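Any value given below was found using the heavy atoms of this structure, including those in side chains, with hydrogens, waters and symmetry copies removed. Lettering of chains follows the sequences in order, A, B, ..., and the numbering in each one begins at 1. As the structure is a computational prediction, the values presented were derived from the model and not from experiment.
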There are 4 protein chains.
Amino acid sequence: MAAVSRRARSEREILSAAARTLADRPTAGMGEIASAAGIARGTLYRYFPTRESLLQALEAAADEEARQRLEEANLDQVPVDEGLARATRALVAVGEHFIVLLRERRPPEPGFTAVLAALLLRGQSGGQVRADVPVDVLVESLLVLVGVCVRAGRGAGTGSEDISSIALRLFLDGARRPPSDPALEGEVGD
Amino acid sequence: MAAVSRRARSEREILSAAARTLADRPTAGMGEIASAAGIARGTLYRYFPTRESLLQALEAAADEEARQRLEEANLDQVPVDEGLARATRALVAVGEHFIVLLRERRPPEPGFTAVLAALLLRGQSGGQVRADVPVDVLVESLLVLVGVCVRAGRGAGTGSEDISSIALRLFLDGARRPPSDPALEGEVGD
Amino acid sequence: MAAVSRRARSEREILSAAARTLADRPTAGMGEIASAAGIARGTLYRYFPTRESLLQALEAAADEEARQRLEEANLDQVPVDEGLARATRALVAVGEHFIVLLRERRPPEPGFTAVLAALLLRGQSGGQVRADVPVDVLVESLLVLVGVCVRAGRGAGTGSEDISSIALRLFLDGARRPPSDPALEGEVGD
Amino acid sequence: MAAVSRRARSEREILSAAARTLADRPTAGMGEIASAAGIARGTLYRYFPTRESLLQALEAAADEEARQRLEEANLDQVPVDEGLARATRALVAVGEHFIVLLRERRPPEPGFTAVLAALLLRGQSGGQVRADVPVDVLVESLLVLVGVCVRAGRGAGTGSEDISSIALRLFLDGARRPPSDPALEGEVGD
DNA sequence: TATGAATGAGGCTTCATTCAT
DNA sequence: GATGAATGAAGCCTCATTCAT
């Protein structure tokens, strides 16, 4: 058991180092990742016999983290609006851990997009979400908007709550100024 | 004149082939690009002495096309809503030509984002665009949403007008169902 | 210690193979050198990340060997004549190892020319060496004469002692027949 | 005839430009040489269909110039000492034109070395030149000493006469101080 | 098991040479 | 005849991967 947990710990640390390294330089090689993890190249290959397997593990880790957070969020037991707010916060949290995945990787990670799709579909059925846009486009849109906001927030030092809030507003309400929202009246003047 | 135009034509054809090739396989090498353009590797290097220079030329071409389309759109002489519609159509048109640039490339090409930023700033001042989100985040959001819609539309065979329409709606109004738009009442049921 | 010495041994063997290969074909590529050393191209690059670095290492090795031999010769503790004889023998020995450096390489390797210059300068001061020729020209002359004699000797299978003897005589006394040397009287006839 | 002479003039100019260019950068490519000659790459290939043919022409030109100068010197009709002086002056003159040939080129250009060999052989027979060194080694020695002196002189701005004088003294009398030459007594002190 | 050397396939680039205008 | 574009072979170098210690 000790070996397993040590191994698991190492694997996490390696993946964490890989995520950090690749976030900065997406073209970083195995040697650079190994250095960042404080191990030798050969050791990295003992854990991940292939670069592709490392990337997949990274993706799986993000997927798993997202899946877990979204599951804990009980999206299907709250109203759609609240569900989207929770989902956005979860995605931002994951995105901050795995910025590298916000670019580059093509397939939309079917592992956790399903639950997002289900939520949005419920929203469409219930009339809270527009139905003139395919659900998968909505899912992708939410993901890229989260990506944009996380990246922008990272540069500006914005907190996770604010990032989530902006991402959610952009996704749900768009860039148009809400005409009747008194909470915003003062910000721009009228 | 003949020589110049031939060279210019060849360059365009090469860039076009490069855009097509890289859109399919972002890691395509110079040899593959040369083959796609119907020339030899050495000839490709006559035009672009470096892979980096080819990518920059590609980016510059997209930038130029976008700049030109946006300029022709007279964004600053029409209402903000109409301006955003025109801008979105322009970006979709460019995006369809240079899908490769919708991923991978980091800097948001300051060449043509300025005019978008100006338009959105005018919208914020005039009250049509929300002011609680930084302008550059809005610009990035529009770009990635266009990217999502172009990629999705490409897979589904959707026409440019429909793609532009969806992208604009997502950007401006978000995913929330417009509560009072009778045009959409019938689509999902109520 | 084992690791260090193994590495050092490999490096020496590679340099030795490189010297041999380049002596035959000065334009030999890295692959050819690697083959001659019995290793793969990539391995050669592990030791010398650049062709230039390999050439520099080669030059440095010759420089070091020359410096060491000249140092052991205690040139500054013997009469100038004896010093020049020792220096010539040392240069011939080095030259036989690094024939490749007797051509091609431009800068006269300041590492070990200094001691030669010092010796010749002492000779000029002491009246044994002509003072109407700059010291650095004398140094260069000795080096190229050694090169000529080593190359010629190599083709003719002459031994190092004879090569050194000829080089020294050419350098010190020139091509003119020593008018009063009875030891040579008989060789050409009179 | 006009065409022929124009061609001949061009060829000379090209070779001259090639000699100059290669003297500075021995690895210069055909394009660089063509540029230096003020013509296009293709044109250079009209004159010299191969890089090797250009180098051979260059060598042949130097050989021819040397042969002609040495022939005009009537080496076989003057005393050996005077002959060597004339030969050295001729070689220095040629060397200043074709510095590039003072390095790199391996075979000692049999075209004009024959006359040098003949002269030295006559010297050996007559007792003016030492006989304990093979003639071809003497020839090579003279050539490399001329090379050293030309290069050194070029850097120091020395005139051709002085360069020739130093080269001849080094070749004939070597580096040893002539014990009984009163002309040098004052230079070093005694 | 961790290490670091060895490997070799593949990429980028140069350059001598040929070809069409 | 002169030009400049086109060619492709060959060089240098990187990096994912394997092997021996």
**Report entry** Atom pair distance, as rounded to whole Å: CZ in B:Arg41 and P in E:dG10
**Finding:** 12 Å

**Report entry** Separation of E:dA2 C1' from A:Ile14 CD1 (nearest whole Å)
**Finding:** 11 Å

Query raised in the report: Roughly how far, to the nearest 0.5 Å, is the CZ atom of B:Arg41 from the OG atom of B:Ser35?
Result: 8.5 Å

**Report entry** Criterion salt bridge (Lys or Arg N to Asp or Glu O under 4.0 Å) on D:Glu96 and D:Arg154, from CA distance to verdict
**Finding:** CA-CA 8 Å; D:Glu96 288 182 323; D:Arg154 181 178 233 222; over 6 Å; no

Query raised in the report: Once you round it to whole Å, what is the distance between C1' of E:dA16 and CG of D:Leu55?
Result: 12 Å

Requested in this report: For B:Gly29, answer base if it contacts any base atom (sugar-phosphate contacts may also be present), sugar-phosphate if it contacts only those atoms, and nothing otherwise; contact means non-hydrogen atoms under 4.0 Å.
Outcome: sugar-phosphate

Query raised in the report: Expressed in angstrom and rounded to an integer, what is the separation of C:Met30 atom CE from E:dC12 atom P?
Result: 20 Å

Query - Nucleic acid contacts of residues 31-40 of chain A, taken as heavy-atom distances under 4.0 Å to DNA chain F - result: none

Report task. Send over the distance from C:Tyr47 OH to E:dT7 C1', rounded to a whole Å. Result -> 13 Å

Query raised in the report: Once you round it to whole Å, what is the distance between P of E:dA6 and CD of C:Glu11?
Result: 11 Å

**Report entry** Rounded interatomic separation in angstrom, taking CG from A:Leu44 and C1' from F:dT17
**Finding:** 11 Å

Query raised in the report: Out of C:Arg67, C:Arg69, C:Gln68, which one pairs with C:Glu65 under the side-chain contact (heavy atoms from CB on, under 4.5 Å) rule?
Result: C:Arg69

Query raised in the report: Does C:Arg46 put a side-chain nitrogen or oxygen below 4.0 Å from OP1 or OP2 of E:dA6?
Result: no

